[in-house]
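The next block holds one structure in the form of structure tokens; read it before the comments.
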Amino acid sequence: MLVTAIIFINLALVFYTIGVWGEKRAGTLTNKHLFFFILGLICDTTGTLLMSDIAKGTGGNAAHAITGAIALILMLIHAVWAIVVKWKGSDKSKQSFHRFSIIVWALWLIPYGIGVAMSMF
């Protein structure tokens, strides 16, 4: 189960990175970027649920748990906002959406990095 969780978490990184930086590079929000945001969220949620199941009863790492929960909530808000902007937003909002995307992506890297560091010790 650990290997599966690690695969999902890393797929989340790949998909979310493709979505965020693809959007930044394109200069506007497209359906393709939205697809990658949602795919990243699904993979991160799946990997997190698997990791949580593995960590039950171990006490875990509070910083990792808190930052991970915040990151998942931000990813969900990001995906919902992307849907709203894509279908109801102005061209200007579609072009400036990437600023929020990069912030959420950078904040998502914090629990990812903590998890990587925890696996080394």
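Atoms considered below: every heavy atom in the structure, side chains included; atoms not considered: hydrogens, waters and symmetry mates. Bear in mind that the values here come from a model prediction, so they are computed numbers and not experimental data.
Under the 4.5 Å side-chain criterion, counting only non-hydrogen atoms from C-beta, Q95 is not in contact with L29. Counting heavy atoms from C-beta on, the side chains of E23 and T28 never come closer than 4.5 Å.
In terms of hydrophobic clustering, with Ile, Leu, Val, Met, Phe, Trp and Tyr side chains grouped at heavy-atom distances under 4.5 Å, W21 and I18 are assigned to different clusters. One hydrophobic cluster, built from ILVMFWY side chains closer than 4.5 Å, holds both L107 and V104. L11 and L34 fall into different hydrophobic clusters, defined by Ile, Leu, Val, Met, Phe, Trp and Tyr side-chain heavy atoms under 4.5 Å apart, directly or through other members. I103 and V20 end up in the same hydrophobic cluster when Ile, Leu, Val, Met, Phe, Trp and Tyr side chains are linked at under 4.5 Å.
A 6.0 Å sphere centred on NZ of K24 holds no more than 12 heavy atoms belonging to other residues, nucleotides or ligands.
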Please tabulate, for the side chains in residues 111-121, all donor-acceptor contacts under 3.5 angstrom to protein atoms that are two or more places apart in sequence or on a different chain.
from, atom 1, to, atom 2, distance (Å)
Y112, OH, N10, OD1, 2.5
S119, OG, V116, O, 2.6

What donor-acceptor contacts under 3.5 angstrom involve side-chain atoms of residues 68-85, with partners at least two apart or in another chain?
from, atom 1, to, atom 2, distance (Å)
H78, ND1, Y16, OH, 2.6
H78, NE2, S101, OG, 2.7

With a 3.5 Å cut-off and sequence neighbours excluded, list the donor-acceptor pairs that the side chains of residues 35-43 form with protein atoms.
none

Q: Take F8 and T45 through the test side chain to side chain contact (heavy atoms under 4.5 Å, CB included) and record every step on the way to the result.
A: CA-CA 9 Å; F8 272 105; T45 302; over 6 Å; no
**Q.** T4/T46 under side chain to side chain contact (heavy atoms under 4.5 Å, CB included): CA gap, chis, key distance, verdict
**A.** CA-CA 9 Å; T4 304; T46 302; over 6 Å; no
Q: Using the side chain to side chain contact (heavy atoms under 4.5 Å, CB included) rule, take K86 and N31 through it: C-alpha gap first, then chi angles, then the decisive distance, then the call.
A: CA-CA 8 Å; K86 179 64 185 139; N31 289 336; 3.0 Å; yes
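Between H33 and A26 the shortest heavy-atom distance is CE1-CB, 3.7 Å. Residues A5 and L50 come closest through the heavy atom pair CB-CB, 3.6 Å. Closest approach of S93 to S90, counting heavy atoms only: OG-O, 2.8 Å.
Taken from CG in L2 to CD1 in I7, the straight-line distance is 10.0 Å, to the nearest 0.5 Å. Between the CG atom in N61 and the CD1 atom in I66 there is a gap of 9.0 Å [rounded to 0.5 Å]. In this structure, OG1 on T48 lies 12.5 Å from CG on D53, to the nearest 0.5 angstrom. Put simply, NE2 on H98 and CD1 on I102 are 5.5 Å apart, with the number rounded to the nearest 0.5 Å.
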